[in-house]
Asker: 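Here it is, the structure in full.
The first residue in the sequence is number 1, and the count goes up from there. Being a predicted model, the structure only gives us computed values, none of them experimental.
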Amino acid sequence: MIGKLKVYADRMSQPCRAVLIFCRLNGIDFEEIKVDISKRHHLSLEFTEVNPLQKVPAILHGNLNLFESHAILVYLSSAFPGIADHWYPTDVFKRAKVNSVLDWHHSNLRYGEVNYVSNTVLGPALGRPRNPKAAAEAETVLLSSLSKLENIWLNGDGRFLLGSFQPSIADLSLVCELTQLEVLDETDRSRILSPYKKVLGWIEDTRTATNPHFEEMHNILYRAKKKFQQQRSRIAESGTETSNKMGRHSKM
């Protein structure tokens with residue numbers, strides 16, 4: 001008997017949220033082990049034995065320790081009984097298409113989103129100076145990725161990626177990525193996302209299809225959003241930028 005699945009996660013991490021939501025949606029019995037990146041738990045010897053790369057998420061399932069969220073989602077879809085086929089289709093052609101979106105994600109949408117958020121919100125909140133050049137470069141990648149998402153990956157009859165009528169692990173992974181934009185100033189977030197009507201509709205469709213677990217796993221992000229809003233208000237009132245001692249998050 002393999003034993004209970006252990007998921008090592010920090011819910012402030014987009015990939016962690018995707019893995020946790022998937023487990024909840026599919027009734028997978030698992031133990032969530034919190035790895036608080038702000039307290040540097042990911043650098044502990046105990047966690048390093050699970051993932052020598054010292055990043056979340058990671059899983060332990062029997063003798064298997066596995067990291068990288070896409071690999072984890074593929075494994076969970078294949079290893080546990082009763083997982084609906086739409087998450088990671090058994091049809092090799094459909095599966096290859098899902099893989100193509102997942103491969104594209106990391107060097108495009110994720111690269112642009114992570115670096116834009118880090119250089120506009122998270123960096124200053126952690127006391128680092130703003131980096132307008134890096135933010136501008138990241139925004140270019142982010143907007144280009146949103147355009148491809150709108151015109152290529154969401155081009156089809158269905159409401160989900162690749163024209164599907166039900167979400168796949170790619171939908172879950174990419175939507176959790178874009179939800180990280182919640183921490184931006186609302187004007188900035190609207191400026192970035194509002195031109196992409198298909199993307200906005202797809203985000204809401206995927207959120208609806210994965211609730212109530214989607215909202216449960218994003219509560220921590222919504223609380224962080226509120227803190228950032230309060231911080232921006234204080235800065236606007238005082239006219240000076242103060243640092244917020246929020247911890248650094250791997251895989252943000």
Side-chain angles (χ1 to χ4, degrees), residues 1-81 83 87-88 102-103 105-107 110-111 113-115 117-118 121-123 125-128 169 172-177 179-180 182-183 210 213-225 227-228 243-252:
M1 191 171 179
I2 292 180
K4 192 172 187 177
L5 173 71
K6 295 182 178 180
V7 179
Y8 295 78
D10 183 332
R11 293 189 184 188
M12 275 297 293
S13 157
Q14 308 91 296
C16 287
R17 294 194 299 269
V19 170
L20 292 169
I21 292 168
F22 183 85
C23 289
R24 285 272 199 268
L25 282 167
N26 289 285
I28 295 173
D29 185 26
F30 71 99
E31 177 186 358
E32 180 182 353
I33 300 174
K34 296 179 181 179
V35 181
D36 191 331
I37 304 301
S38 68
K39 296 179 180 177
R40 304 176 70 81
H41 290 171
H42 60 300
L43 303 179
S44 69
L45 178 61
E46 179 185 7
F47 182 69
T48 301
E49 289 176 352
V50 177
N51 183 3
L53 298 180
Q54 300 179 321
K55 293 186 176 183
V56 288
I59 65 169
L60 274 180
H61 194 213
N63 294 324
L64 173 71
N65 66 309
L66 186 65
F67 30 95
E68 292 301 322
S69 62
H70 292 168
I72 292 170
L73 289 167
V74 167
Y75 172 76
L76 296 176
S77 300
S78 307
F80 286 84
I83 306 297
W87 288 112
Y88 192 57
L102 293 172
D103 288 348
H105 172 213
H106 268 309
S107 57
R110 178 162 179 76
Y111 179 88
E113 182 277 314
V114 167
N115 286 290
V117 171
S118 295
V121 176
L122 293 183
L126 296 168
R128 298 197 302 264
I169 58 174
L172 188 54
S173 185
L174 271 64
V175 163
C176 286
E177 190 72 62
T179 310
Q180 202 77 354
E182 288 282 345
V183 300
T210 56
H213 307 297
F214 188 94
E215 294 301 318
E216 174 195 356
M217 295 303 169
H218 281 82
N219 278 334
I220 188 172
L221 183 69
Y222 301 146
R223 291 196 297 270
K225 174 183 180 178
K227 290 181 180 179
F228 285 127
S243 65
N244 185 338
K245 301 301 184 182
M246 294 183 69
R248 298 170 186 265
H249 283 265
S250 171
K251 284 287 188 181
M252 287 278 286

Asker: With rounding to the nearest 0.5 angstrom, report the SG to CD1 distance, Cys16 to Ile72.
Answerer: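 Cys16 SG to Ile72 CD1: 8.0 Å, rounded to 0.5 Å.
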Asker: Checking ring pair (Phe, Tyr, Trp, His ring centres under 6.0 Å) between Phe22 and each of Trp87, Phe80, Tyr88, which is the one that passes?
Answerer: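 Of the listed options, the one satisfying the test is Trp87.
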Asker: Does some side-chain heavy atom of Leu25 sit less than 4.5 Å from a side-chain heavy atom of Phe214?
Answerer: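 No, side chains not in contact.
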Asker: Looking only at heavy atoms, what is the nearest atom pair of Val35 and Asp10, with distance?
Answerer: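 Heavy-atom minimum between the residues: O-CB, 3.1 Å.
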Asker: Rounded to the nearest 0.5 Å, how far apart are CD1 of Ile37 and CE of Met12?
Answerer: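 The distance works out to 11.0 Å.
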Asker: Do you know the tightest heavy-atom contact between Glu49 and Asn65?
Answerer: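 Scanning both residues completely, I find the closest heavy atoms to be O-ND2, 4.0 Å.
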Asker: Any chance you could measure Arg17, atom CZ, to Asn219, atom CG, to the nearest 0.5 Å?
Answerer: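 So the gap between those two atoms works out to 11.0 Å.
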Asker: Which atom names give the shortest non-hydrogen contact between Ile83 and Ile28, and what distance separates them?
Answerer: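 Ile83 and Ile28 have their closest heavy atoms at CD1-CD1, 4.2 Å.
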Asker: Is the OH atom of Tyr75 crowded by more than 12 outside heavy atoms at less than 6.0 Å?
Answerer: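 Counting other residues, nucleotides and ligands, OH of Tyr75 exceeds 12 neighbours.
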Asker: Could you state the interatomic distance from CD1 (Ile21) to CG (Asn26), rounded to the nearest 0.5 Å?
Answerer: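 The CG atom of Asn26 is 11.5 Å from CD1 of Ile21, to the nearest 0.5 Å.
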Asker: Might you point out which heavy atoms bring Leu66 and Ala71 nearest each other, and give the distance in Å?
Answerer: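 Shortest heavy-atom contact: CD2-O, 3.7 Å.
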Asker: Between Arg11 and Glu216, is there a side-chain heavy-atom distance shorter than 4.5 Å?
Answerer: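 Heavy-atom side-chain distance check passes, below 4.5 Å.
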Asker: Return the CD to CG distance between Glu68 and Asn51, rounded to the nearest 0.5 Å.
Answerer: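 CG of Asn51 is found 7.5 Å from CD of Glu68.
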Asker: For His105, run the side-chain hydrogen bond (donor to acceptor under 3.5 Å, both in side chains) check against Arg110, Glu113, His70 and tell me which one passes.
Answerer: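 Going through Arg110, Glu113, His70 one by one, the side-chain hydrogen bond (donor to acceptor under 3.5 Å, both in side chains) with His105 is satisfied by His70 alone.
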Asker: How many angstroms lie between atom NE2 of His106 and atom OG of Ser173, to the nearest 0.5 angstrom?
Answerer: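 Here the rounded value is 6.5 Å.
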Asker: Could you tell me which residues satisfy side-chain hydrogen bond (donor to acceptor under 3.5 Å, both in side chains) with Glu182, sequence neighbours excluded, listed by chain and number?
Answerer: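 With sequence neighbours excluded, Glu182 shows a side-chain hydrogen bond (donor to acceptor under 3.5 Å, both in side chains) to Arg189, Lys225, given in chain and number order.
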Asker: Step by step, work out the salt bridge (charged side-chain N to carboxylate O under 4.0 Å, His left out) result for Lys4 and Glu31.
Answerer: CA-CA 7 Å; Lys4 192 172 187 177; Glu31 177 186 358; 5.8 Å; no
Asker: After noting the C-alpha distance and the side-chain angles of Phe47 and Ile33, does the key distance pass the side-chain contact (heavy atoms from CB on, under 4.5 Å) rule?
Answerer: CA-CA 10 Å; Phe47 182 69; Ile33 300 174; over 6 Å; no
Asker: Test of understanding: with side-chain hydrogen bond (donor to acceptor under 3.5 Å, both in side chains), list the residues that count as partners of Thr48, not counting sequence neighbours.
Answerer: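 Here the qualifying residues are Gln54.
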Asker: Has Asp36 got a side-chain atom pairing as donor or acceptor with His41's backbone, closer than 3.5 angstrom?
Answerer: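 No; judged by distance alone, with no hydrogens or angles, the pair does not exist.
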Asker: Hey, mind stepping through Phe30 and Leu20 against side-chain contact (heavy atoms from CB on, under 4.5 Å) and telling me if it holds?
Answerer: CA-CA 9 Å; Phe30 71 99; Leu20 292 169; 3.6 Å; yes
Asker: Residues two or more places apart in sequence or in another chain: which of them pass side-chain hydrogen bond (donor to acceptor under 3.5 Å, both in side chains) with Tyr222?
Answerer: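 So Tyr222 forms a side-chain hydrogen bond (donor to acceptor under 3.5 Å, both in side chains) with Arg207, Glu215.
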Asker: Carefully, step by step, assess Val19 and Leu73 under the rule side-chain contact (heavy atoms from CB on, under 4.5 Å).
Answerer: CA-CA 6 Å; Val19 170; Leu73 289 167; 4.2 Å; yes
Asker: Which heavy atom of Ala18 sits nearest to which heavy atom of Leu172, and what is that distance?
Answerer: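 Looks like O-CD2, 3.3 Å.
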